[in-house]
Student: 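Mind having a look at this structure? Questions to follow.
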Amino acid sequence: MSTKTPARLQKDFKEISGWGRYPRSSAAIVSPETIEEVEPSSYESMIARGQGRSYGNAAMNEGGVVMMTEKLDRTISFDERTGWLTAEAGMTLAEVFQKFLPRGWFPSVTPGTRFVSLGGCVAADIHGKNHHHDGTFGANTREIEIVLADGSRVRSSPEKNSELFWATVGGMGLTGIITEVTYRLVPVESAYVVVRHDKARDLDASLSLLEGEEWDDRYTVAWIDCLAKGRALGRSVLMRGHHAQAAELSRKIKEPLLLKERGKLNLPFDLPQWVLNSLTISAFNQFYYLWQGAKREPFVTDYATFFHPLDSINNWNRMYGRRGFIQYQCVLPPVESLEGLRKLLEELARERRASFLAVLKRFGPQNQGLLSFPMEGYTLALDMPVSDAGLFRFLDRLDEIVLGHGGRVYLAKDTRVKAETFRRMYPKFSEWEKIKRKVDPENHFQSDLARMLEIGKQ
Ligand SMILES: Cc1cc2nc3c(=O)[nH]c(=O)nc-3n(C[C@H](O)[C@H](O)[C@H](O)COP(=O)(O)OP(=O)(O)OC[C@H]3O[C@@H](n4cnc5c(N)ncnc54)[C@H](O)[C@@H]3O)c2cc1C
């Protein structure tokens, strides 16, 4: 590169990882400050990275370039009548909350953390607790701008260049760099949520609660005790909520759209690995089931506590120790869910592979995203420390169960699925690959995840 290249675009090699801190690899980091500086052809292989909140190796590119988008965070326009926000793709949802919630607008879909970029949310086609009502992030996106490998800036939407749109929504950054996103915000009267908790004594009861209209609300999720066995297998606490209207709030809350800044806890070092073992996790799961399940009356809580509970602890990912952890998330179609989930939980309990947090959600119908993860059915997410080589064999066995029941794993969480298994899980992959070859014939956009999945291999 010429010596005139600004420092932010010069290659600065660093070791990085995803949120799970496993695996790690080194890449040259560049950080454009304007959309005009996003020039893929100036570099060899590259991948975009937003906030690095994907758990695995999706936003990593060993030996190549990783383009950080965090400085591309400007608001371009906001339509106060309709809630459509157009912003640069590096803007985070935390910034969206900060800027727009005081004005009465809330992101239509938010994942379990707000420290994610709009571009990362499109690329992983993320889902929230309301997928069964409102679909994915991509389904709430009207238009994106992408910079392709040849440097051209292309606008695409479900109507215009729709092929590229649906290959990019869920395409894990492999079609190009998303630079702008037009995304829906919904009107709310407050920054609070009315929440109800209900206990389910086993897996059957958990699925019945998630399915039952009378138990439903706009946001619904179940925390599951993944170490319960026998008759209690799959017991859970269903947590459901909706945006509190002003009339539902205590009079003490004078400014319903504002939350006080709260201090954050910090985990300054890696916890020793023995702290989270099957005994301590089992004890935590029992306690949590009784504690959360005991909340019988509806209560009001702020949106951050309901949607993003872990965001209040900086570096909580150090809890799993130096070697990091893997989040395993899969989805199974409705008719297969009961049987498939039972087998997954039995495997987990049998191997005493404890998950500190295990979450069960219901998904509505899938969209047209060719590599989009959500499909109608139930999704289970489990966190597991990278403790021993046996973990990977164990996860391969879970993959077989998932495949055998017509399901798939989530690429934004993954770091180890086999290329062949991935192809069987994502039947529209060959359709997606044709578009990838068309827009990126030299396979310029690459990541550690893509190489693991043998994408772009001729
Ligand atoms: C605590 C926690 C809770 C979570 N809860 C959920 C949840 O409820 N639902 C859910 O679906 N996910 C969830 N996630 C996962 C997270 O929402 C996704 O991984 C999301 O993609 C992260 O956004 P990011 O900006 O950090 O993207 P990164 O991790 O930086 O990148 C993720 C992918 O997006 C691509 N990408 C990023 N920016 C761009 C861009 N501008 N152009 C093109 N490609 C780009 C990257 O190449 C990569 O493939 C959670 C993660 C954490 C840590």
Side-chain angles (χ1 to χ4, degrees), residues 16-21 27 29 32 35 38 40 46-61 64-73 87-95 107 109-131 135-138 144-148 167-181 219 221 307-317 319 325 327 329 331 357 359 361 363 369 371-374 379 381 383 410-415 440 445-450 453 455:
I16 53 172
S17 72
W19 188 245
R21 303 172 71 220
I29 309 290
I35 289 179
V38 176
M46 72 180 310
I47 195 72
R49 182 174 172 104
Q51 292 290 308
R53 256 28 182 219
S54 47
Y55 281 74
N57 52 5
M60 294 161 62
N61 185 21
V65 167
V66 168
M67 183 171 273
M68 307 295 299
T69 62
E70 60 201 353
K71 292 181 186 153
L72 308 175
D73 61 354
E88 291 181 352
M91 179 180 277
T92 62
L93 283 186
E95 288 160 329
V109 176
T110 173
T113 171
R114 57 189 177 280
F115 300 116
V116 286
S117 67
L118 300 181
C121 289
V122 172
D125 198 16
I126 62 102
H127 55 271
K129 295 175 169 66
N130 56 339
H131 183 275
T136 62
F137 198 92
I144 51 181
E145 182 189 77
I146 313 168
V147 179
L148 298 179
T168 302
V169 167
M172 303 310 291
L174 296 169
T175 52
I177 310 280
I178 303 164
T179 42
E180 252 183 59
V181 177
Y219 303 99
V221 66
F307 289 102
H308 314 126
L310 290 167
D311 283 356
S312 59
I313 310 173
N314 274 334
N315 303 315
W316 67 262
N317 54 349
M319 184 169 79
F325 69 107
Q327 183 165 104
Q329 184 170 359
V331 56
L357 286 173
V359 173
K361 285 186 217 172
F363 279 163
L371 294 186
S372 183
F373 165 67
T379 178
D383 285 350
Y410 189 9
L411 296 181
K413 308 285 176 83
D414 196 70
T415 192
D440 184 17
F445 294 105
Q446 289 184 32
S447 62
D448 291 353
L449 174 79
L453 299 176
I455 291 177

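Side chains included, hydrogens not; waters and symmetry mates left out as well; all remaining heavy atoms used. Numbering of ligands and ligand atoms starts at 1, following listing order.
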Student: Measure the shortest side-chain to side-chain distance between Pro111 and Leu93 over non-hydrogen atoms and say whether it is less than 4.5 angstrom.
Tutor: yes
Student: Can you see whether Gln51 engages Ser117 through a side-chain donor-acceptor pair at a distance of less than 3.5 angstrom?
Tutor: no
Student: Does Trp316 have a heavy atom less than 4.0 Å from any atom of ligand 1?
Tutor: yes
Student: Do the non-hydrogen side-chain atoms of Phe373 and Asp125 ever get within less than 4.5 Å of each other?
Tutor: no
Student: Quick one, Asn57 and Ser447 - any side-chain contact, counting heavy atoms below 4.5 Å?
Tutor: no
Student: Quick check: His127 and ligand 1, any N/O pair under 3.5 Å apart?
Tutor: yes
Student: Ile126 to ligand 1: N or O pair under 3.5 Å?
Tutor: no
Student: Which of the numbered atoms in ligand 1 are under 4.0 angstrom from any heavy atom belonging to Arg49?
Tutor: 30 (O)
Student: Working to the nearest 0.5 angstrom, can you tell me the gap between Leu310 CG and Thr113 OG1?
Tutor: 8.5 Å
Student: Between Thr379 and Tyr410, is any pair of side-chain heavy atoms under 4.5 Å apart?
Tutor: no
Student: Below 4.0 Å from any atom of ligand 1, is there a heavy atom belonging to Tyr410?
Tutor: yes
Student: N/O to N/O below 3.5 Å, does that happen between Thr69 and ligand 1?
Tutor: no
Student: Do the ring planes of Phe363 and His131 sit parallel (below 30°), tilted (30 to 60°) or perpendicular (above 60°)?
Tutor: tilted
Student: Nearest protein heavy atom to atom 44 (N) of ligand 1, by residue and atom, and its distance?
Tutor: Gly173 CA, 3.3 Å
Student: For atom 22 (C) of ligand 1, what's the nearest protein heavy-atom neighbour? Residue, atom name and distance, please.
Tutor: Val116 CG1, 3.5 Å
Student: Looking at ligand 1, does any of its N/O atoms fall within less than 3.5 Å of an N/O of Ile177?
Tutor: no
Student: Name the closest protein heavy atom to atom 39 (C) of ligand 1, giving the residue it belongs to and the distance to 0.1 Å.
Tutor: Ala48 CB, 3.5 Å
Student: State if Gly18 counts as touching ligand 1 under the rule of any non-hydrogen atom under 4.0 Å.
Tutor: no
Student: Quick check on contacts: which atoms of ligand 1 are under 4.0 angstrom from a heavy atom of Trp19?
Tutor: 53 (C)
Student: Can you tell me which residue and heavy atom of the protein come closest to atom 27 (O) of ligand 1, and the distance to 0.1 Å?
Tutor: Gly120 CA, 3.7 Å
Student: Check ligand 1 against Ile47 and write out every atom of the ligand that is under 4.0 Å from a heavy-atom position of the residue.
Tutor: 47 (O)
Student: Would you say the side-chain atoms of Asp440 pair up with the backbone N or O of Phe445, donor to acceptor, closer than 3.5 Å?
Tutor: yes
Student: Check the orientation of Trp19 and Trp316. Use parallel for under 30°, tilted for 30 to 60°, and perpendicular for over 60°.
Tutor: perpendicular
Student: Would Gln327 count as a contact residue for ligand 1, given that I'm defining contact as a non-hydrogen atom of the residue lying under 4.0 Å from a ligand atom?
Tutor: no
Student: If you measure from each heavy atom of Gly128 to ligand 1, is any distance below 4.0 Å?
Tutor: no
Student: With a 4.0 Å cut-off on heavy atoms, does Lys413 reach ligand 1?
Tutor: yes
Student: Quick check against the 3.5 Å criterion: does Thr168 have a side-chain atom that pairs as donor or acceptor with the backbone of Gly171?
Tutor: no
Student: Have a look at Asp383 and tell me which of Gln327, Lys413, Gln329 forms a side chain to side chain donor-acceptor pair (under 3.5 Å) with it.
Tutor: Gln327
Student: Could an N or O of ligand 1 be found under 3.5 Å from any N or O of Gln51, whether backbone or side chain?
Tutor: yes
Student: I need the Leu453 CG to Leu371 CG distance, nearest 0.5 Å.
Tutor: 9.0 Å
Student: I need the nearest protein heavy-atom contact for atom 29 (O) of ligand 1: residue, atom name and distance, please.
Tutor: Ser54 OG, 2.6 Å
Student: Test your reading of the structure: does Ser117 have an N or O sitting under 3.5 Å from an N or O of ligand 1?
Tutor: yes
Student: Is it the side chain (CB and beyond), the backbone, both or neither of Ala124 that lies under 4.0 Å from ligand 1, heavy atoms counted?
Tutor: side chain
Student: For Gly50, counting its heavy atoms only, list the atoms of ligand 1 lying under 4.0 Å from any of them.
Tutor: 25 (O), 28 (P), 30 (O), 37 (C), 38 (N)
Student: With rounding to the nearest 0.5 Å, note down the distance linking OG1 in Thr69 to CE in Met91.
Tutor: 11.5 Å
Student: Considering only protein heavy atoms, which is closest to atom 34 (O) of ligand 1, and at what distance to one decimal place?
Tutor: Ala123 CB, 3.3 Å
Student: Relative to the heavy atoms of Ala58, which atoms of ligand 1 are at a distance of less than 4.0 Å?
Tutor: 47 (O), 48 (C), 49 (O)
Student: Drop me the distance from Leu118's CG to Thr179's OG1, to the nearest 0.5 angstrom.
Tutor: 12.0 Å
Student: Could you tell me whether His131 approaches ligand 1 through its side chain, its backbone, both or neither, with non-hydrogen atoms closer than 4.0 Å?
Tutor: neither
Student: Considering only the protein, which heavy-atom contact is closest to atom 33 (C) of ligand 1, and what is its distance?
Tutor: Met172 CE, 4.1 Å
Student: Please could you name the atoms of ligand 1 that Ala412 approaches to less than 4.0 Å, counting only its heavy atoms?
Tutor: 19 (O)
Student: Apply the side chain to side chain contact (heavy atoms under 4.5 Å, CB included) test between Asn61 and each candidate in Gln446, Met67, Arg49; give the one that qualifies.
Tutor: Gln446
Student: Taking atom 43 (C) of ligand 1 as the point of reference, which of Gly176, Ala59, Gly52, Gly20 owns the nearest heavy atom?
Tutor: Gly176
Student: To the nearest 0.5 Å, tell me how far Leu357 CG sits from Met319 CE.
Tutor: 6.0 Å
Student: If we only count N/O pairs under 3.5 Å, is Pro111 in contact with ligand 1?
Tutor: no
Student: Return the residue, atom name and 0.1 Å-rounded distance of the protein heavy atom closest to atom 4 (C) of ligand 1.
Tutor: Gly112 N, 3.8 Å
Student: Based purely on interatomic distance, does Arg53 place a nitrogen or oxygen under 3.5 Å from a nitrogen or oxygen of ligand 1?
Tutor: yes
Student: What's the shortest heavy-atom distance between Ala123 and Ile178, and which atoms?
Tutor: N-CD1, 4.2 Å
Student: Look only at interatomic distance and state if Ile178 has a nitrogen or oxygen under 3.5 Å from any nitrogen or oxygen of ligand 1.
Tutor: yes
Student: Taking the side chain as every heavy atom from C-beta outward, state whether Phe307 and Val221 have any pair of such atoms under 4.5 Å apart.
Tutor: no
